[in-house]
Every structure is written in C-alpha cells, then in structure tokens.
Undergrad: 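Right, I'll just put the structure down here and ask away after.
Lettering of chains follows the sequences in order, A, B, ..., and the numbering in each one begins at 1.
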Amino acid sequence: MTEPSKLPHHGVPEHQPAAGGIAARARAAAGPQYLTGLNPEQREAVVSLDGPVLVLAGAGTGKTRVLTTRIAHILSQGRARPHEILSVTFTNKAAREMKLRLGQMLGQAVEGMPWLGTFHSIGGRILRIHAELVQLKSNFTVLDVDDQVRLLKQLLQAENIDDKRWPARMLAGLIDGWKNRGLTPAQVPAGEAAVFGNGKGGKLYASYQERLKILNAADFGDLLLENIRLFREHPDVLRQYQNRFKFILVDEYQDTNVAQYLWLRLLSQAPSRAGVPLSAIIPGATDTAVVAENAASPVIPGHAEGVNTEGRDGEGSSPASGSGPPDHPGMTSPPQAPLKNICCVGDDDQSIYGWRGAEVDNILRFDHDFPGAKVIRLERNYRSTGHILAAASHLIAHNEGRLGKTLRTEDVDGEKVTVTGSWDSEEEARAIGEEIEDLQRSGENLNEIAILVRASFQMREFEDRFVTLGLSYRVIGGPRFYERAEIRDALAYLRVINSPADDLAFERIVNVPKRGLGDATVQMLHDHARKRRIPLFEAARAVVETDELKPKARGSLRELILHFDRWRARREVTSHTELAEIVLDESGYTDMWQKDRSADAAGRLDNLKELVRSMEEFENLQGFLEHISLVMDRDGGPDEEAVSLMTLHSAKGLEFDNVFLPGWEEGLFPSQRTLDEQGRAGLEEERRLAHVGLTRARRRAKLYFATNRRIHGTWSTTIPSRFLDELPSPNVEITESKGGSGWGGSGGYGASRFDNVESFGSSYTTPGWQRAQANRAKNRGGGGQARGGFDEAQSSYGSSRGETGGFARNKRGPMVIEGELVAKSTGTVSEFSLDDRVFHQKFGYGHVVKVDGNKLTIAFEKAGEKKVVDSFVERV
DNA sequence: CGAACCTTTGAGTTA
DNA sequence: CAAAGGTTCG
C-alpha cells in the first residue's frame, strides 16, 4: 500500500515538479539535510513513515518541528505528493505556523498542501463538495453559537417549553456535547435525551437538525458529524478520500474528541477493504489495556456488535446495544483492514479541553486503537531553564492519569520560579506592572513578556493598570472580531444576499437599523412563513402585497425587500467589496453608528471598514462567507512591541521569556466550577493547565496570588492555590510584593504554604496558614472524598466543595473558611483590646469596638464599622 | 414601537 | 458590578 508515487488517476501535474525537485535535492545530498540537528528521538519520529506512530511530545520538545520535518521527509522520499497528505491541527494559528515553517523548509511547495488545516475547515471543505448528499447546498451557512441559541429558542417556543426553566443555551450545550461525541439524534441514549425539557430533549435535537437543513445551515459540530454521516452513508465517497490520503498527521491528539477520533478512524483505514464489518470493542477492556500498558490486542473476539463502516443502518440501532460503550457509539474496534500511515502527536499532560469533549482517552488508548503502533517519546526540552522545568514537572507529577514522561533540559538552572502574594487583585496588577517596567528598563523586549490568566475577567485589571502606566499591551484571543455585534450585523446582510433562505440572518437585521418592524411584525412573518413553508424573506415579499400590515410597517418592509433585490442584482456587476460598502451605506447601517454618540461607535465604524478591507482577500462573496466563520481571527495587529495578555488556554503552543501567572487562588485556579462538575478529573485538568502555564516560560516564571478578590462585584477573601503547595521548594522563591504598600502579611501567606517552612525564613508566622499548610499536607492525595480527620482547616476546606457544591452561590466558601480557620487556630486571646487604635491597609484608621477571639469589630474613621481578622490590622 | 428604567442574574476555558 | 432581560410609559 505504500508504493511510491505511481498514482494513476490523481495526478495533479503542476505539483509534480516541486516534489520532484525536492526529491532530487534530497538524493543529491549525502543524507537528507533536514535531518541534521534533530535528536535521535525526533529523527525517529520523522523517519518512521510506515504504520501508525504516536509521538508523545512534552512541552517544548520540538513537536512542530517534528511534524513539519516529517512532511518534508515524506515529500522528499517521493512517498506522496502534497495533496495526498492530510494534516490536521486544532487552531488556525497552528495551521498557519505549520504552513510557514514548511514554506521555509521547502521553498514554494507549500501551496500544494491543500489538506493542511483545522479539523473544522477540512471537514467543512469536504462537506461543501458533497453537500447535497447530506441535504445541504454547497453555499450553506456556518452558524455561530448565537444563531444556534436563537434558533433553539424558536423551537422551544414551538414546543411550548418554558425557556426560563429550560434555557436554550443549555440545550445548545447538550447538543454540542452530543455532536462532540459523534451522536446523531437517533443515537443519543434515550435516558440522556430525556433530561432536557421534560423528556423532549431528543425530539428537539432532531427538529433542530431538520431546521438546519431548511435554513441551509450547519453548526460547528456538524462540520464533523455530518462528515462522519456522509462517510458512513456513502462508502464510495469515503473510499475516494481514503485513496487520496496516503499519510495522515494529527497535531495535539490529546485534544481530539470522539467525533474527531471517528473521523480519523474512517479516513485512516486503507481503502481496499472498506466495507468490511468491524466489531465493537468491549468498554472495560480498553481501559485496563491502557493502564496495564499491555500491547497485546484487547479485542474480545465474537463481539461483532453491528457497527459497520457501511453504516447505513447502524444509526438507529447502535445505542440500544447494551454492551457498546455508552460514550463511544459507533466506536469501532481495530479495523481488520490495514491502516494508513497515521502519525499523531500529542501530550497527555497538556490536555486542557476536556470540557469541550476532548477525550484524553484517545491518546491513552492509542496503541489499542492502532495496533502495532510505534510510540516515541520526546522528553528533551529545549525551551525552559532548569528551575522552571523542575517546578512544572514536579507539579504535574501529582496527576495520576498520565502516561508519564520525564522532561529534561540541558539548559542552566536559571532563576527560580517566584511566588508573590498581594493584598488584592489591584495590588497584584500594580506589582506585575512594576515588575514589567523593571524588565523593560533592563532591556527586555515587551514581546517576550506575557501575562496568562485563568479566566478572562482577570484581564480587566491589568488592562486598566497598563493604560495608566502607558504600557502597550495586546489581548490575544479575546472576543473575536467576527463576534462583535456590528460585524455580525454586516455579515447578516451579506448572508441574506447570498442565501435568501437564511432566516436567522434576515431576522437579525430586519429591524437594524430601526425601521419600525418590531416583534409584532416579525411574529406575523413567522406565522406566514410556517404556514406556507417558505423562508421569511419570501414571506415578507408576499405579505407586503397584502394589507395585513399597518401602512408604516408595510412601507418600510417593502423598501427593505427592494433594497435586497437591488443588491442581489448588483452582485453580478459589482465587486463584492464594493457591494458590501453599498449595502452598509444604503441600508442605513453606517448612518446608525455615525449618529450614535456612545464612546465605542467610532471603533465600530473602524471595524466595519476593516471587515470590508478583509474581504479583498477573497475571490467573491461566497468565498468570503465560507471562510469567515472558520478562519477569521484578528491578526491585522501592528507588530509594535507589546506585552501579551491572554488566558492560559489560548497560551498553549506559545512561549515567552517572561511569564506572569496571576490569580493562583483556590476557587479561581483551580476553578471551583471545574472541581464541582468534574471532581478529581477536573482537578487534574486544572493541574495540567498550571503545567501548561509554567512551561510557556523560557527564563522567568512568576506566580501570584491575592488574598482578596472581587467576585460578582463583592469582595471575597481567598486562599492560595493548592498548586502552590505542590511546587518543589528548592526551585521556588517567595518574594515580597512589589509595589505592595507595605502590607506586612503579604509574603507570609505564601511562605508557610510550603513543605519546608524553615527554608523560607521564620518571619512568616501567620498561624492560620501554618495550620492550613499542615492540614493540607495530611489531606493531600486523598482526593476530594477523604476527610477523616476533623480539624478545622480540613473540614471547612472540604466542605467548600463536594456535597455543598450545588449551593455555591449562597454558601460562598472563602470568607467562612478563613474566619474559622484563623479564629480557631489561634488558641490564644487576641492581642488587641477594646478601644485600641489600629490601622488597616484598606480601611484606614479606626478603633476596636469588639473582640471575639481574633476577630475584631473595628469602627473605622472613614469606612465605618467592619469585622476583620486581627492579623490584617496593626496597632498604632 | 421603542426608549428608559428596573430587576435579576451571573464571571470558564473555545474551534 | 455589569449585562441581559423584563416592564412601563410616552
């Protein structure tokens, strides 16, 4: 199956010379030049072309280099031509990066890599080619979350379901989850489908899919799910792609979900025997096989469970089969047909998308799914200095569900990882701001500085701070360009022009700008459309001919229709960019923002201009709309030097000399919600996220925690993250908060949290934290359930999640926790007495009016009466 | 119909 | 605290 480039019918002549040239060059050299400079493991990963290969590539071990070199190797060996290689990534960024690096390596030949892209873009591409086979037209629209939710809302109304009790957003989430698991409406387990809307969940999913077809639309999940359906229902089409792709490469395999796995599996089977029935796997067998690292095939013979690649009838019946793994319907056993040369690269320690349906299992189970797979570990890290790598490795070693790798570096130890405590999030931002200014003064490039946060709401404080400091920064991955209201409005106009059946788009702009066409009118159009089974736009056209509408509404609706007719006619004779300008102008949309007095109106107009400008890169309107929803991420940013600000999630794959990691507090990081929802697995995923954060740093990693943070607008007291405890003390240094206004306790919190308190000096003696530390150590490793001992720290700590998790709202933990913790842990009476004059960092001067253990009630001169813990005030 | 005002609820990560 | 949803009034 691996015969060299004698490929009869798929010849694409113009690529031939390029590939031939490379091959020639490669032959001329003594050994392929691109292999020099690779370490032995990397080299093996590059040259092991035949059969399935799994490359376990730790952070900073040269993963992208291996992938791109492997492609170069395949091409130069003449094993396949560029269009015969399927190479999938998760993000457009990663795809771009690979194209870039390939280009550098190969010269111009990259142009011929049409199948290098994200799962979604490649899935979408295939789907457009065969759209009619899945009841779509090739100009189908890709809906975003917002459209999805609006559509679902309509369906809920139609079913008379109270959308307060059963929010459309929740249903969207469920459907998304099902699609991620490769489940069509018929395949969703009945019990699960019934959870929503008094048992109507499954029905709603089915009617949602129907509506999508009518609207000629697909959502994100469909780009893959419908692809799988296409392959299952049309084996001839599948075979065509199996034939085409001689090699498959997958980046970030640990992030694949079930649907992506199934998709890869279908494509990775050799074409000759497609259609051979495949047996189902036994659920338990897979897991044990992995844990035991047993390479022997765990397939249990005799369990042909009726899932087959022809798939025609598999849809309805498979969920019923009792022995099928509930989460993996249609999951097939190792196929009997030979497998394509598939190479998956990933790192189980960087799997951070479990909440999005990613199955770490996919990577843990690889050698079962692809028998005979060669597993190659890349463990030499080329990125970080010794202390950073040691800290990250030690931290991640606390996870149990991992394949286990030991990263090593030959770099110097460098600077220790620092941990800094501050009074509140403002001070945290101030401290980081100052450190960045210091770095800048010492000659660091701002582009080499990043702040990585757990949750995006943390970014605001930094932005505020940087604006006052005049420090230039850029937010990476924030609200995407095309998610902005003005962009979506503009796109909606274009969508209606392109696809008159796009009711969602029509509805979005029918009254934007205001035309006096309110709910009543829209409702009427809906009724009409439903009765006659026609799109809203056609309904509108019909309705203006009647006198069902008030004259005013009728007039403006007629005008709108005339506009659209004119625009559609113009489409033939005008360039699409010009058309967009005309549309925005004539519709009154630009006017609307020009009249708007609000602060961001100007920015929105700029964005609209930017949109029109970005359209130039595309052939025509259709082409633009096809790509917009998948590919349009902000880039046009000038390359000015700036600090990067982003979430930990969007930092994956990036690296910086200096990395700041604020907000390492219980509840925020690890996120309470993840802990409540996912328990132990959630904790491990959060820990992997911490590991990702640390390993982004080349030379400096700086961690922070604040004692007070505003959540939902009210201040809460927080405790430092358990992850700080899990760092190895020899590689970590506790520092005083810079720009801290002399708040004495700030360093102390961090200090006592480490195993070896002594080594950090005895000045940190806040009793509560020593206690917490001691108890934590006992509790560690026991998981959320173990809480045998009942000393105060442990019990309050434990009860902040677990069984009370559902009531998190009113039982906001931290305050209480800390109150108890500190109050009970100092057996002694407070050193404060009534009427003492005291100073508090936040509230200023006051006097003690009540003493209760070490909780004081203080009448502050400015802030009024407050209850505070005595360690937070000092006598004056 | 739409602006203005009031109430409620909610801040997790994303192709 | 801020956004989103609901209600009221012109």
Side-chain angles (χ1 to χ4, degrees), chain A residues 88-95 117-124 142-146 149 153 163-164 167-169 172-173 176-177 179-180 218-224 251-252 255-257 259-260 351-358 425 452-461 476-480 482-483 485 511-523 549-550 552-553 556 627-633 646-652 663 667-678 682 685-686 688-690 692-693 709-716 808-810 812:
Chain A
V88 276
T89 63
F90 271 82
T91 62
N92 292 305
K93 197 173 67 192
T118 64
F119 276 101
H120 289 92
S121 64
I122 291 176
V142 179
L143 299 189
D144 59 36
V145 196
D146 219 71
V149 170
K153 247 185 202 145
D163 70 346
K164 289 205 97 155
R169 220 156 243 301
D176 213 46
K179 289 187 175 177
N180 283 339
D219 63 20
F220 264 101
D222 280 343
L223 296 181
L224 275 160
D251 191 15
E252 308 278 17
D255 287 336
T256 51
N257 60 35
Q260 286 154 344
S351 161
I352 54 176
Y353 286 107
W355 49 272
R356 198 171 76 184
S425 44
L452 313 182
V453 295
R454 173 65 243 267
S456 42
F457 72 84
Q458 293 172 259
M459 293 202 246
R460 197 196 192 110
E461 232 138 3
I476 309 239
R480 262 157 294 288
Y482 63 84
E483 278 170 12
N511 200 29
V512 180
K514 302 262 184 292
R515 302 188 171 86
L517 302 169
D519 286 349
T521 313
V522 172
Q523 196 51 50
L549 285 173
K550 290 194 207 113
K552 215 170 115 205
S556 52
H627 286 272
I628 187 87
S629 50
L630 296 172
V631 179
M632 183 115 178
D633 39 14
M646 71 191 92
T647 64
L648 284 162
H649 281 88
S650 46
K652 192 162 71 148
L668 176 60
F669 191 33
S671 142
Q672 190 61 54
R673 214 163 136 183
T674 304
L675 260 36
D676 290 343
E677 286 165 14
Q678 315 282 335
E685 181 153 315
E686 294 284 305
R688 291 193 289 267
L689 202 48
V692 166
R709 194 170 288 277
R710 197 161 32 193
I711 296 172
H712 285 354
T714 46
W715 287 94
S716 305
R809 198 179 162 72
N810 19 9
R812 273 250 154 263

Undergrad: Determine whether any donor atom in the side chain of A:R356 lies under 3.5 Å from an acceptor atom in the base of B:dT13, or the reverse, and answer yes or no.
TA: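 In this structure, the two groups form no donor-acceptor pair.
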Undergrad: Using the rule for Phe, Tyr, His and the six-membered ring of Trp, do A:Y353 and B:dT13 stack at under 5.5 Å and under 30°?
TA: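 Whether judged by distance or by angle, A:Y353 falls short somewhere, so it does not stack on the base of B:dT13.
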Undergrad: From CE of A:M646 over to C1' of B:dG12, roughly how many Å is that when rounded to an integer?
TA: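 Answer to the nearest Å: 17 Å.
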Undergrad: How close or far is atom P of B:dG12 from atom CG of A:L675, stated in whole angstroms?
TA: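 Value for this atom pair: 14 Å.
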Undergrad: Could you measure between the two C1' atoms, the one in B:dG12 and the one in C:dG5, and give it in whole Å?
TA: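 B:dG12 and C:dG5 have their C1' atoms separated by 22 Å.
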Undergrad: Indicate, with a heavy-atom threshold strictly under 4.0 Å, whether A:E686 touches base, sugar-phosphate, or nothing.
TA: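 Here A:E686 touches the bases of the nucleic acid.
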Undergrad: Are the side chains of A:T521 and A:L549 in touch, meaning some heavy atoms are under 4.5 Å apart?
TA: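 Heavy-atom side-chain distance check passes, below 4.5 Å.
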Undergrad: Nearest 0.5 Å, please: how far is CD in A:E686 from CD in A:Q672?
TA: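 Nearest 0.5 Å value for the CD-CD distance: 10.0 Å.
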Undergrad: Taking the side chain as everything from C-beta on, heavy atoms only, tell me whether A:R454 gets closer than 4.5 Å to A:T647.
TA: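 A:R454 vs A:T647: side chains apart.
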Undergrad: Ignoring hydrogens and geometry, is there a side-chain-to-backbone donor-acceptor pair from A:Q260 to A:F119 under 3.5 Å?
TA: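 Judged by distance alone, no pair lies under 3.5 Å.
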Undergrad: Any side-chain to backbone donor/acceptor pair from A:S556 onto A:R515? Under 3.5 Å, distance only.
TA: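 Yes; judged by distance alone, with no hydrogens or angles, the pair exists.
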Undergrad: Does any part of the side chain of A:K179, heavy atoms only, come nearer than 4.5 Å to the side chain of A:N257, both counted from C-beta?
TA: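 A:N257 vs A:K179: side chains apart.
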Undergrad: Nearest of B:dA15, C:dG5, B:dG12 to any side-chain atom of A:D176?
TA: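 Comparing B:dA15, C:dG5, B:dG12 against the side chain of A:D176, the answer is B:dA15.
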Undergrad: B:dA15, B:dT14, B:dG12: which one has an atom nearest the side-chain heavy atoms of A:S650?
TA: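 Among the listed nucleotides, the one closest to the side chain of A:S650 is B:dT14.
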Undergrad: Would you mind reading off the distance between A:H712 atom NE2 and C:dA3 atom P, rounded to a whole angstrom?
TA: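 One finds 15 Å between P of C:dA3 and NE2 of A:H712, rounded.
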Undergrad: Tell me: CD1 of A:I352 to P of B:dT13, nearest whole Å?
TA: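 Computing the A:I352:CD1 to B:dT13:P distance gives 12 Å.
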Undergrad: What's A:E252 touching, base or sugar-phosphate or nothing? Going by heavy atoms closer than 4.0 Å.
TA: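 Counting heavy atoms under 4.0 Å across all strands, no contact is made by A:E252.
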Undergrad: Heavy-atom nearest nucleotide on DNA chain B for A:N180 versus A:Q678: which residue maps closer to 5'?
TA: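 Whichever sits nearer the 5' end wins; that is A:Q678.
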Undergrad: Assign each of A:F90 and A:E677 to its nearest nucleotide of DNA chain B by heavy atoms, then name whichever residue's nucleotide is nearer the 5' end.
TA: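 Looking at the nearest nucleotide for each, A:E677 comes out on the 5' side.
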Undergrad: Reckon A:S671 has a side-chain N or O less than 4.0 Å from the OP1 or OP2 of B:dT13?
TA: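 For B:dT13, neither OP1 nor OP2 has a side-chain N or O of A:S671 closer than 4.0 Å.
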Undergrad: Check A:R688, A:R356, A:K652 against A:D255 for a salt bridge (Lys or Arg N to Asp or Glu O under 4.0 Å) and give me the one that passes.
TA: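 Going through the options one by one, the only one that passes is A:K652.
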Undergrad: Nearest of B:dT14, C:dC1, B:dA15 to any side-chain atom of A:R710?
TA: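 Ranking B:dT14, C:dC1, B:dA15 by closest atom to the A:R710 side chain puts C:dC1 first.
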Undergrad: Measure all distances between protein nitrogen or oxygen atoms and nitrogen or oxygen atoms of nucleotides 1-3 of chain B, and list the pairs falling under 3.5 Å.
TA:
unit_1 : atom_1 : unit_2 : atom_2 : d
B:dC1  : OP1    : A:T521 : OG1    : 3.4
B:dC1  : OP2    : A:A520 : N      : 3.4
B:dG2  : OP1    : A:G516 : N      : 3.1
B:dG2  : OP2    : A:N511 : ND2    : 3.2

Undergrad: For A:F457 and B:dG12, give me the distance from atom CZ to atom C1', rounded to whole Å.
TA: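 Checked: the CZ to C1' distance equals 9 Å.
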Undergrad: Do the rings of A:Y353 and A:H649 sit parallel, tilted or perpendicular, given the 30° and 60° boundaries?
TA: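 A:Y353 vs A:H649 ring planes: tilted.
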Undergrad: Just the rounded figure in Å: distance from P of B:dT14 to CG of A:L648.
TA: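 It works out to 10 Å between those atoms.
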Undergrad: Tell me the interatomic distance from A:K164, atom NZ, to C:dA4, atom C1', rounded to whole angstroms.
TA: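 About 11 Å, once rounded to whole Å.
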Undergrad: Grab the NE2-C1' distance between A:H649 and B:dT13 for me, whole Å please.
TA: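 Interatomic distance, NE2 of A:H649 to C1' of B:dT13: 4 Å.
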